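Naming: A, B, ... by sequence-line order, numbering from 1 per chain. Note that the structure is predicted; figures quoted are calculated from it, not measured.
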There are 2 protein chains.
Amino acid sequence: MSRITIKDVAELADVSPATVSRVLNHGPTVAEDLRDRVMAAIRQLGYRPNSQARFLRTRATTVLGLIISDITNPFFTSMVRGAEDAASKAGYSVVLANTDEDLDKERRYIEVAAAENMAGVILSPASATRTSIELLLERGVPVVTVDRRLQTAKVDRVGVNNVRAAQEAVIRLVDQGCRRIGFIAGPAEVTTAADRLSGYKHGLRASGLPFSRELVVRGDYRIEGGRAAAATLMRLDPRPDALFVSNNLMTLGAVMTLRDLGLSYPSDIKLAAFDDMSWTLGLSDTMTLISQPTYEIGRQACELLLRRIAGERFPPRHVVLGATLD
Amino acid sequence: MSRITIKDVAELADVSPATVSRVLNHGPTVAEDLRDRVMAAIRQLGYRPNSQARFLRTRATTVLGLIISDITNPFFTSMVRGAEDAASKAGYSVVLANTDEDLDKERRYIEVAAAENMAGVILSPASATRTSIELLLERGVPVVTVDRRLQTAKVDRVGVNNVRAAQEAVIRLVDQGCRRIGFIAGPAEVTTAADRLSGYKHGLRASGLPFSRELVVRGDYRIEGGRAAAATLMRLDPRPDALFVSNNLMTLGAVMTLRDLGLSYPSDIKLAAFDDMSWTLGLSDTMTLISQPTYEIGRQACELLLRRIAGERFPPRHVVLGATLD
DNA sequence: CGGTTGCTAGAAATCGATTTCCGATAAAGT
DNA sequence: ACTTTATCGGAAATCGATTTCTAGCAACCG
């Protein structure tokens with residue numbers, strides 16, 4: 001409950017608060033013995049500067065916000081680690097917030113980040129058009145988006161080329177003999193969903209296959225959505241000979257549906273999906289997987305953010321990393 | 001980049017800053033028309049109080065810290081949600097930090113929580129003996145631990161009775177005919193690991209089976225650790241007829257090992273494990289699972305924390321929720 | 001030897017809010 | 001009608017740090 005302030009330290013060391021501050025910050029202009037006395041007093045009292053008070057004067061914090069849509073998703077977990085590693089190397093800490101793809105929650109956490117004057121924010125926006133980051137931008141808090149783009153503001157973004165990756169996966173399926181490829185798309189508001197759908201269409205065109213509306217069903221990027229979407233697709237007549245699912249959790253759902261129907265892959269139906277799924281142990285061994293360099297996405301996003309925080313000015317940058325098909 | 005302060009609002013509304021503050025906080029003692037003018041000015045300028053400055057005066061924040069050992073683990077994910085729901089109901093926000101079971105990282109985030117003067121902290125300590133929370137306690141920041149206990153300080157804790165749950169699972173395995181039950185334990189520093197090991201021993205004793213040192217191998221609560229531990233156990237001669245794994249991620253590893261050896265469960269060997277694993281789709285259908293009410297753990301931990309924050313004083317409380325065997 | 005330069009360290013202003021204290025005004029009581 | 005009381009709102013102090021400004025002192029130079 002104690003409140004040890006710079007003044008207490010100053011008194012004990014018999015110097016002025018200004019000197020204590022100098023010892024802690026821009027060091028050199030303080031005499032050896034004073035410096036020692038101050039350090040001793042600090043240790044003795046267990047003094048820690050009040051970061052709020054410090055901020056009031058300096059406007060500098062060392063906490064980054066990482067606002068993501070679903071911490072359940074291993075995709076994001078590895079990204080968090082990449083960001084944390086880059087941040088701690090630079091002396092910053094990362095706090096996480098989970099939005100659950102919920103715009104209200106997202107707005108609340110953006111408010112928190114702004115109110116706490118975080119040094120910068122890495123965001124995977126729940127919506128390209130309805131997520132608003134002006135609260136941050138108008139306060140000068142830099143923002144970098146990961147995975148998804150944002151249409152409401154021009155900010156840096158780190159991700160992969162979703163269009164191309166999706167296209168390649170479709171071509172791969174066609175090479176395996178598929179002709180009727182069902183696509184489980186993501187939420188309409190998310191740019192990755194749109195990009196992947198667009199890649200799906202490109203892939204069909206490139207393969208000379210027709211695009212059919214009925215073969216596309218939207219899900220919510222969660223397990224349940226994938227399950228329902230797959231069920232819808234599998235009721236079609238004739239039924240698809242392949243499913244292409246646009247994220248990992250929905251793929252789990254789709255596999256559940258296939259099980260329920262007694263279908264196995266790849267014998268009865270081929271599967272392709274976005275994102276790493278190695279944690280499912282074998283479920284994904286026999287499907288085409290598009291994996292993204294998630295750790296690297298987090299790392300680079302954080303480094304970009306740190307450069308913005310340091311004050312570098314350059315046009316909004318899109319870092320596009322390679323996704324791999326395997 | 002703009003800095004809109006209470007002074008700007010006061011000027012525009014042609015009142016004093018004190019009045020603006022009164023409008024925002026303890027309302028009633030301010031006249032209708034002034035109140036309206038102030039509100040209009042606030043809206044017009046998009047004013048938001050600087051929370052650091054406010055804190056300096058009031059010493060009250062509305063951010064809770066949730067410091068957990070592994071956000072990858074679905075166990076914690078659901079807990080986070082429980083805590084978030086309880087917190088937001090009370091007007092608090094939750095920020096997460098991920099320690100990766102790493103004591104250094106953990107210490108860093110405890111420092112962050114203290115430096116940021118978070119209102120309270122929910123912690124799943126990486127070590128019962130080496131995790132130090134005095135930084136928080138001496139500043140009056142209440143702490144509640146979840147899942148694991150802490151030996152370095154007497155604080156509230158919410159979790160399940162790990163000893164009993166483990167014991168029951170062992171008895172269940174014995175009922176299924178198992179006589180040589182291998183146990184994959186968790187890290188020595190974590191209380192849940194010790195409790196579960198102890199429950200395993202109790203279960204054996206209650207079933208009249210001998211305890212054998214060689215049947216216990218320690219893992220690190222991660223996939224790799226489970227894999228290695230299972231491999232060690234399966235090299236024993238005679239090999240175990242059951243494996244009891246003390247958390248979900250290690251169970252994944254153990255299953256990987258069994259696959260590699262060409263063994264299937266429950267025909268060749270029986271499995272029991274702690275924690276929900278429904279996200280593994282079928283992997284866990286045929287094993288004995290001890291599931292914990294994770295959402296509820298998070299919710300109750302948060303409510304306990306909020307009571308402490310509100311200043312309630314009562315002896316450190318241990319809330320023990322029921323784990324279920326299925 | 002006097003005056004200038006160069007440091008060091010303290011006093012005081014400052015950041016942006018809240019809150020205490022107090023004066024002014026209006027309402028109420030005699 | 002005049003004093004007393006209540007209420008409202010402004011001036012100023014405060015929270016805990018940083019930073020500017022300045023005084024004091026020593027060293028250096030001509």
Side-chain angles (χ1 to χ4, degrees), chain A residues 1-39 41-42 45-63 111 114-117 119 138-141, chain B residues 1-39 41-42 45-63 111 114-117 119 138-141:
Chain A
M1 213 54 99
S2 70
R3 284 276 87 68
I4 296 155
T5 74
I6 198 170
K7 226 168 152 181
D8 301 322
V9 175
E11 258 162 47
L12 180 60
D14 197 31
V15 298
S16 78
T19 303
V20 177
S21 172
R22 274 188 278 258
V23 169
L24 274 109
N25 302 298
H26 16 257
T29 69
V30 60
E32 193 74 22
D33 58 328
L34 283 196
R35 169 179 223 81
D36 290 348
R37 271 184 9 232
V38 169
M39 290 309 287
I42 287 175
L45 295 174
Y47 167 72
R48 305 197 151 241
N50 178 319
S51 62
Q52 276 81 3
R54 162 179 285 171
F55 168 82
L56 207 54
R57 213 48 245 261
T58 61
R59 325 226 117 247
T61 50
T62 55
V63 176
E111 275 168 19
E116 296 291 314
N117 287 295
E138 72 193 12
R139 299 192 159 211
V141 179
Chain B
M1 216 50 100
S2 71
R3 286 274 89 68
I4 297 156
T5 74
I6 199 171
K7 227 167 152 183
D8 301 322
V9 175
E11 260 164 43
L12 180 61
D14 199 28
V15 296
S16 79
T19 304
V20 177
S21 173
R22 275 188 276 259
V23 169
L24 274 114
N25 301 299
H26 18 255
T29 68
V30 60
E32 194 75 22
D33 57 329
L34 283 196
R35 170 178 221 83
D36 290 348
R37 286 212 319 262
V38 168
M39 291 308 287
I42 287 176
L45 295 174
Y47 167 72
R48 307 197 151 241
N50 179 318
S51 61
Q52 276 81 5
R54 161 179 288 172
F55 168 82
L56 208 52
R57 215 45 245 260
T58 61
R59 323 227 117 245
T61 51
T62 56
V63 176
E111 273 168 19
E116 296 292 314
N117 287 293
E138 72 193 13
R139 299 192 159 212
V141 178

R22(A) (side chain) and dG10(C) (base): donor-acceptor pair under 3.5 Å
yes

Given the structure, check if the side chain of R57(B) and the base of dT14(D) hold any donor-acceptor pair shorter than 3.5 Å.
yes

If the condition is side chain to side chain donor-acceptor pair (under 3.5 Å), which residues does [X] pass it with, not counting sequence neighbours?
X       : value
S16(B)  : T19(B)
E116(A) : none
S21(A)  : N25(A)

Can you name the side chain to side chain contact (heavy atoms under 4.5 Å, CB included) partners of [X], sequence neighbours left out?
X      : answer
R48(B) : E111(A), L135(A), R139(A)
R37(B) : A13(B), D14(B), V15(B), D33(B), L34(B)
L56(A) : N50(B), A53(B), L56(B)
T58(B) : R54(B), A60(B)

What integer distance in Å separates [X]:[atom1] from [N]:[atom2]?
X      : N       : atom1 : atom2 : result
I6(A)  : dA11(C) : CD1   : C1'   : 14 Å
L34(A) : dC7(C)  : CG    : P     : 17 Å
L56(A) : dA13(C) : CG    : C1'   : 13 Å
N50(A) : dT14(C) : CG    : P     : 21 Å
D33(A) : dT8(C)  : CG    : C1'   : 11 Å
R54(B) : dC15(C) : CZ    : C1'   : 16 Å
L24(B) : dG16(C) : CG    : C1'   : 13 Å
F55(A) : dA17(C) : CZ    : P     : 11 Å

Taking every non-hydrogen atom, the tightest pair across V9(A) and V38(A)
CG1-O, 4.2 Å

Closest non-hydrogen atom pair, V23(A) against R35(A)
O-NH2, 4.0 Å

I6(B) vs Y47(B) side-chain heavy atoms within contact, under 4.5 Å:
yes

Could you tell me if the side chain of P49(B) sits less than 4.5 Å from the side chain of L24(B), heavy atoms only?
yes

Expected list for residues 9-21 of chain A near DNA chain C, using heavy atoms below 4.0 Å, is V15(A), S16(A), A18(A), T19(A)

Measure all distances between protein nitrogen or oxygen atoms and nitrogen or oxygen atoms of nucleotides 23-25 of chain D, and list the pairs falling under 3.5 Å.
none

Below 4.0 Å: OP1/OP2 of dG16(C) and any side-chain N or O of Y47(B)
no

So what is the 5' to 3' dot-bracket string for DNA chain D, if pairs are Watson-Crick or G-U wobble with both distances under 3.5 Å, crossing pairs use [ ] and | means the partner sits on another strand?
||||||||||||||||||||||||||||||

